[in-house]
Amino acid sequence: MNVHLKPIHEIRMTRPDDGIAPGKPLLVVDNISLAFGGVKAITNISFDILKGEIRAIIGPNGAGKTSMLNVINGFYHPQEGTITFRGEKRSRMRPHVAAHQGIARTFQNIALFKGMSVLDNIMTGRITLQNRNLFWQALWRGPAEQEELEHREAVEHIIDFLEIEHIRKTPVGRLPYGLQKRVELGRALAAEPSLLLLDEPMAGMNLEEKEDMSRFILDVNQQFGTTIALIEHDMGVVMDLSDRVVVLDYGRKIGDGTPDEVRNNQDVIDAYLGVSHDE
Amino acid sequence: MNAQTRTAAAKASGDGAAMDTFPKFLLSNAVKLADRPAMRHKDLGIWQSWTWSQLLFEIRAFSMGLAALGVKRGDKVAIIGQNRPRLYWAFCAVQALGGVPIPVYADSVAEEMVYVLNHAEVKFAICQDQEQVDKVLSMGKQLKKLKKIVYDEIRGLRDYDHANLHAIDGVEALGEADFEANGDKAWVEGINKGKGGDIAVMLYTSGTTGRPKGVMLSFDNLRISAENGNAFDGLDQTEETLAYLPLAWVGDHIFSYAQHYTAGYCVCCPESPETADADRREIAPTYFFAPPRVFENLLTAVIVRMEDAGNLKKKMFHSFMDHARKVGERILNGEPVGTWDRFKYFLGEYLVYGPLKNRMGFTRMKVGYTAGEAIGPEIFSFYRSLGLNLKQLYGQTEASVYITAQPDGEIRADTVGKPSPDVEIRIADNGEVLYRSPGVFVGYYKNDEATKETKTKDGWVHTGDAGFFDKEGHLKIIDRAKDVGKLKNGSLFAPKYIENKLKFFPNIKEAVAFGDGRDYCAVFVNIDLTSIGSWAERNNIAYASYQELAQHPEVYKTIESHVDQVNRDLASEELMAGSQIRRFLVLHKELDADDGELTRTQKVRRSFIAERYSPLIDALYDGSKEKHIETEVVFEDGRKGRIAATVEIRDMKEHPPSFVAEGMKEAAE
């Protein structure tokens, strides 16, 4: 019979299961405070992200959303508080630890290798899953080659999943913005993350691109069971996509709950619509 | 595959029964061509292939699975999606059970689809993916007869209610289990019950006017047409083709299905519609069909890239292309050509033509066809001069495609060739072309009135096209018979003829001509964004949108020169000199099938456009210099928006008639 490649839902994730049952907290941030000199970016924030959910972090400009993501994946180190990921409590995360433990992210301003092809860019996402050492990789023939083939197959599944077959070999710099965003998502997916952080995945997109991206985010969540935390400004998208929303304003948490709860929260309404300060 | 699996199927094909249905061809091909490739599909970046014996294995499982789901003789089954192997298998799987497959245009919106599915009384729908499943589900209760939906790709469908929703994988598993337990004797018997006169497929015509009509084609219609086509061009099991045109279109059904089974050749499905160009290059089909716009786009892409090439390459390209233009077609037609010219052409093959053909994926092309619309003479001869055997044919859904085709060595850019084998043609008094052939359709489904209007009692079919035979017996089509009109001054007005002349310029994507019953001819022009966009880039012309580019004065100047050239051409033709273009405008939006302005096969719906843009048409005839217009547009997801623009209108001058006619000379004296 034919050598058929496995359909993507049958592909076993190479990363070992994170051991957290669906619905249980995958990540807990507890009393996090972050300051840059005298500027307080985040003050005493606590929330959790449950396994398998789509969690949105929203708030007006400068509320500390991106800082929060940077704390979670170890780019910023908070002065106070703890981060518990997969049951392991830390006072600070480190980026390479975060990556190896299964946290992948995309960036507000796309951070791809512009001169490299889509395929190569996504391949870089597999780096934490590569087992062969530098020697084997430099030698290339043998085990490293076999390993690369396996990674390539996984990447092809992602390309198929994100419907970007037609640009597989195109240098990323030549692609329109919306597609670059999709490639970035592809690279994050290539790491087979248990937690995916998306920093404004839909910024600067038109309606059609937003709809495509929303569909991909939902599909990722459904198909791979990936837990997703996303920052987004488009309220329509946030309310439709997410299971729970946490709202930040001036570095403080002002709301946390389902989209409906958040929508009716007076503090949130005030933060977004503004409130007069006469009283 | 184990030996036991072939039992009943292998015996059946040895019976020497009449080969009159496609499932019977499947049984016989699985034995005769057992190890020849039958189908390929690029999946995850790798070409997967199936031989004919594997195809039988897959289709049998699929078909027996469908039977287990309840598909019975006479049931209508919709097939909705793009060119994917399993959807092609679905045709045969359904036909094997005596059902009638009905392919539906994958890009049609739910409202368009609901009419077809309801009219055809579809009981089952086989969908490609979530997008199509969603469309069918959104029609909900409107589809009274629909029982079950089967889908190919599970993505996004995991959480759907699976009571009446099945994955093809599951269906095949059902069929395989049945086969393991009971063998395929009953299934093969079912196939042998099929007769050539049975309805093989129902194809809904995209309908330039009114509601789509379901054209019923029998196995005999398709099989005889396909076999004639195979014989005409010497096609056999060694051909490879690329299936990239809509499944619901008769052309694809003949080229990628009927001829595929009768000739036994290999059909390749691209990875996705967007990769079709790259995939064609990898496959290099030997038999290729494309509507003119595909050839136009390819040529435009080549020209655009050559503009950006280095000087040496540019020089080589132009010098060898000039040479090809001079002798290429003559060499292809087998006419005598001097030794030096032959040598230079041979050199060019290595340096320019070969690499160019490779780039376009035509390296192995034995026969290529273009049809559906008129092709620009320059485009046509460009490909011919490269040594590609590109030909034209004229066909219709109602004829199972073939009406006329150009025999090798008798190729003209402006004719559609001689009657195909077994086809009789006559021209009615009003100029309409009528034909009679074994491929003539059985009738329109549930529409006897329309059937009677189109097909006479003795089997002649009205094409609705006006045309005539030239001196060499080649048919020339000028326009839709009902569209040919007269200007107020009495001169003949053939809108499509004028539109085609305009569209032959790479800068013009679409044109719509008006003039019937009016004082003069006036046109709407749609610019071609690829071509004009690249020109704008090279000339440092900044623009923010299609709309802005379309109204740019420099663009108007370019289009004006094209219109002027067309007028000059028209002036040299006796019949057409009176209908030169007096005024034109460049439309602010691209004509789009989603807005109903084009059919799904990208043909202009003139009357609809006339209604939608009536203020612009009034402006064309009331002498105004510009006009403000607001139009509603539909986005791909079905939402609506409005765009507004002020459109400029330009006047043109007519050229004096430049042809020499008997009557004219007398009048001058």
Side-chain angles (χ1 to χ4, degrees), chain A residues 1-11 52 117-120 122-123 149-170 174-176 178-179 182 189 205-225 236 243, chain B residues 1-2 5 37-51 53-55 57-58 61 82 85-86 129-131 134 152-160 167-170 172 176 269-279 281-282 545 594 633-641:
Chain A
M1 270 328 283
N2 254 2
V3 201
H4 270 296
L5 300 172
K6 280 175 260 167
I8 188 156
H9 52 92
E10 285 175 17
I11 290 262
S117 70
V118 168
L119 182 70
D120 289 339
I122 300 178
M123 279 298 267
L149 287 178
E150 282 161 21
H151 287 309
R152 172 73 188 268
E153 186 180 343
V155 167
E156 284 293 343
H157 275 292
I158 288 163
I159 290 177
D160 180 61
F161 182 82
L162 296 175
E163 295 165 6
I164 46 178
E165 298 98 340
H166 57 296
I167 50 165
R168 190 185 278 130
K169 301 262 168 76
T170 314
R174 290 218 325 245
L175 296 176
L179 277 178
R182 218 189 282 182
L189 282 180
M205 286 190 170
N206 64 30
L207 181 72
E208 214 173 302
E209 288 168 330
K210 275 185 187 173
E211 287 186 341
D212 280 347
M213 190 51 111
S214 305
R215 190 164 61 85
F216 288 127
I217 292 173
L218 285 172
D219 283 351
V220 166
N221 180 249
Q222 194 193 46
Q223 190 105 354
F224 309 121
D243 299 312
Chain B
M1 147 172 326
N2 53 36
T5 61
M39 204 153 219
R40 295 187 210 280
H41 178 219
K42 195 173 185 186
D43 191 21
L44 301 177
I46 299 172
W47 285 99
Q48 303 284 333
S49 32
W50 291 266
T51 63
S53 55
Q54 287 168 338
L55 211 61
F57 191 83
E58 299 273 357
Q82 282 145 354
R86 285 168 147 194
D129 54 12
Q130 185 190 15
E131 183 186 344
D134 278 350
D152 188 0
E153 287 172 40
I154 184 151
R155 155 127 64 106
L157 290 167
R158 208 170 277 270
D159 292 347
Y160 282 48
I168 293 183
D169 289 314
E172 287 200 7
E176 257 178 67
C269 298
E271 196 165 15
S272 75
E274 292 84 27
T275 60
D277 278 337
D279 294 341
R281 200 181 159 200
E282 289 169 3
S545 63
D594 285 345
V633 291
V634 183
F635 297 113
E636 271 189 20
D637 63 352
R639 273 185 233 196
K640 287 177 180 165

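Because the structure is predicted, anything quoted here is derived from the model rather than measured. Residue numbering restarts at 1 for every chain, and letters A, B, ... go by the order of the sequence lines.
- Using a 4.5 Å cut-off between heavy atoms, Leu207(A) touches chain B through its side chain atoms alone.
- Counting heavy-atom pairs closer than 4.5 Å to chain B, the top-ranked of the candidates Gln222(A), Arg215(A), Glu208(A) is Gln222(A).
- Ion pairing between a basic and an acidic side chain is recognised when a charged N comes within 4.0 Å of a carboxylate O; Lys42(B) and Glu165(A) show no such pairing.
- Salt-bridge formation is detected for the pair Glu163(A)/Arg155(B): a Lys NZ or Arg NE/NH1/NH2 atom is positioned less than 4.0 Å from an Asp or Glu carboxylate oxygen.
- Classified by interplanar angle (parallel below 30°, tilted 30° to 60°, perpendicular above 60°), the ring pair Trp50(B)/His41(B) is parallel.
- For the residue pair Glu172(B) and Ala61(B), the shortest heavy atom distance occurs at O-CB, 3.7 Å.
- Chain A forms the most heavy-atom pairs under 4.5 Å with one residue out of Asp159(B), Asp279(B), Asp277(B), and that residue is Asp159(B).
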